[in-house]
2 protein chains.
Amino acid sequence: MSVESKSQQAYRFIRERIDDGRYVPGYRLVLAQIAGELDVSVVPVREAIRRLEAEGLVTFQKNVGAQVALIKETEYLHTMQTLALVEGFATSLTAPYLTPEQLGRARAINDEMRRTLEDFEPHRFTELNLEFHAVLFEGCPNPHVLDLVHRGWNRMRVLRDSSFSFVPGRARASVEEHERIVELIEQGADALEIELAARQHRTATLDAVLAYQADHKPASAPAPQAVAT
Amino acid sequence: MSVESKSQQAYRFIRERIDDGRYVPGYRLVLAQIAGELDVSVVPVREAIRRLEAEGLVTFQKNVGAQVALIKETEYLHTMQTLALVEGFATSLTAPYLTPEQLGRARAINDEMRRTLEDFEPHRFTELNLEFHAVLFEGCPNPHVLDLVHRGWNRMRVLRDSSFSFVPGRARASVEEHERIVELIEQGADALEIELAARQHRTATLDAVLAYQADHKPASAPAPQAVAT
DNA sequence: ATATCCGAAATCATATACGATCCCGCGTGG
DNA sequence: CCACGCGGGATCGTATATGATTTCGGATAT
């Protein structure tokens with residue numbers, strides 16, 4: 001029972017491709033084409049795209065069509081700033097409820113991250129970074145805040161290169177901050193203290209990313225409009 | 001030119017009714033009925049409802065239909081908590097950009113609020129309260145955060161009685177806090193200080209509302225499913 | 001009296017069809 | 001050579017039609 005509705009199916013189809021980068025920002029989503037690939041009619045696809053639009057992953061222009069949202073530099077900054085805010089708060093909210101077992105898992109993940117530093121596995125590092133924070137949000141008493149965190153993550157994923165949390169010269173500090181956050185939680189530190197530590201952790205990463213990009217990115221502004229598959 | 005699309009029209013139609021309370025939480029949104037009222041087909045109405053669903057104003061059940069979201073007590077608390085967070089941050093972000101003129105307007109609104117206290121005009125008070133904060137968000141450099149604030153306000157509006165920001169015994173303190181926030185901004189206070197002041201301002205209101213409701217609400221749990229018009 | 005099953009009504013979900021709008025390239029005139 | 005307008009192709013926007021699912025009331029059996 002409960003066969004997934006076709007609009008739901010279409011939603012996941014597109015979403016998946018945006019998340020893993022097959023549909024890069026700027027990629028045009030043509031209703032008829034996607035409908036054809038999925039072997040459904042255009043109506044469910046439209047619904048899916050409208051939903052993605054409401055989530056900010058896709059922009060839609062009347063009588064023209066939809067494309068994966070182009071996130072400008074400034075918007076990236078805004079999203080990260082917001083993410084720092086809600087992640088920090090979520091961390092402080094969840095802190096009192098975390099069990100020693102969960103904190104142990106967080107530590108284990110962080111140790112693993114430390115290891116990937118030596119072996120230089122940036123992708124694994126990024127992955128573990130997400131896991132680490134996910135553990136710290138387990139059991140967050142405010143699902144609404146958690147929802148905002150996830151929205152932020154999704155938006156970040158649209159431009160993967162930037163969500164890439166491994167920044168040379170910053171990664172080690174990041175691991176240390178993780179350690180410190182776990183310690184604060186263990187000590188039952190003040191909620192505000194935890195919040196600000198977690199917020200600063202994210203903000204520092206943002207600054208590092210920006211500095212890194214400013215150093216390494218030439219003045220090229222490649223036009224998207226790429227083709228997938 | 002640029003005639004509003006019918007799905008947009010449907011969206012506004014429904015949205016308006018949710019906002020002003022004609023469609024109370026739990027009210028069933030029947031596609032064909034709404035389509036008939038607007039004299040359009042069901043397809044655009046579906047889209048509108050899907051969008052409202054993504055925004056959290058409406059819940060949708062496959063093969064059953066949509067209804068205005070029922071917000072539970074705890075969820076109300078969560079939303080308010082989140083709102084306190086993002087409003088506080090938005091206030092601190094905007095603070096450095098506010099001109100004396102804008103601060104003057106904020107003060108004027110607050111003075112007006114003080115006046116409504118004496119004349120006992122709770123509705124006007126609530127209205128002005130929104131205006132006051134809206135002024136403080138003018139020119140917020142992070143539209144993303146601002147978007148979250150508006151989302152929060154929308155959600156609040158779904159259950160108007162609770163968004164009613166006039167609470168006996170609390171209103172006066174609220175006005176004083178407004179004054180203090182404006183002062184902090186004028187003095188060019190530290191961003192964090194402003195943020196926490198604004199956050200606390202909202203949190204205190206939340207507490208007051210909860211305390212008030214606990215005092216005054218009998219153990220009745222009226223079932224919605226009301227009918228509009 | 002109560003539980004269960006059946007069928008009709010209501011409503012949703014999707015496909016298909018057609019008209020509307022926009023974009024872009026080509027031709028014409030300056 | 002450039003500006004302008006026109007037409008065709010691509011794509012969207014919506015209406016209509018039909019099949020699918022759920023819901024609910026009533027009949028029947030225990």
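No experiment lies behind these values; they were computed from the predicted model shown. Below, chain A is the first sequence line, B the second, and so on; all start at residue 1.
- Considering CD of A:Glu55 and CZ of A:Arg15, their distance stands at 6.0 Å, rounded to 0.5 Å.
- When the side-chain contact (heavy atoms from CB on, under 4.5 Å) test is applied to A:Ala66, the partners found at least two apart in sequence or on another chain are A:Leu29, A:Ile49, A:Val58, A:Phe60.
- Distance CG (B:Asp39) to C1' (D:dA15): 11 Å, rounded to an integer number of Å.
- Residues satisfying the ring pair (Phe, Tyr, Trp, His ring centres under 6.0 Å) criterion with A:Phe132, sequence neighbours excluded, are A:His178.
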Ignoring hydrogens and angles, write down the donor-acceptor pairs under 3.5 Å from the side chains of residues 86-94 of chain B, residues two or more places apart or on other chains.
from	atom 1	to	atom 2	distance (Å)
B:Glu87	OE1	B:Arg202	NE	2.9
B:Glu87	OE1	B:Arg202	NH2	3.3
B:Glu87	OE2	B:Trp153	NE1	2.8
B:Glu87	OE2	B:Arg202	NH2	2.8
B:Thr91	OG1	B:Glu87	O	2.7
B:Ser92	OG	B:Phe89	O	2.9
B:Thr94	OG1	B:Ala90	O	2.7

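- Between A:Tyr11 atom OH and C:dT14 atom P the separation is 16 Å, expressed in whole Å.
- Listed by chain and number, the residues in a side-chain hydrogen bond (donor to acceptor under 3.5 Å, both in side chains) with B:Ser41 amount to none (sequence neighbours excluded).
- One atom, CD of A:Glu4, and another, C1' of C:dT14, lie 15 Å apart when rounded to the nearest Å.
- Sorted pairs that involve residues 203-212 of chain B and meet salt bridge (charged side-chain N to carboxylate O under 4.0 Å, His left out), not counting sequence neighbours, are lacking altogether.
- Following rounding to the nearest Å, A:Gln67 (CD) and C:dC23 (P) show an atom-to-atom distance of 12 Å.
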Protein-proximity profile, nucleotides 7-13 of chain D, B/S/- by nucleotide at the 4.0 Å heavy-atom cutoff, equals ----SSS
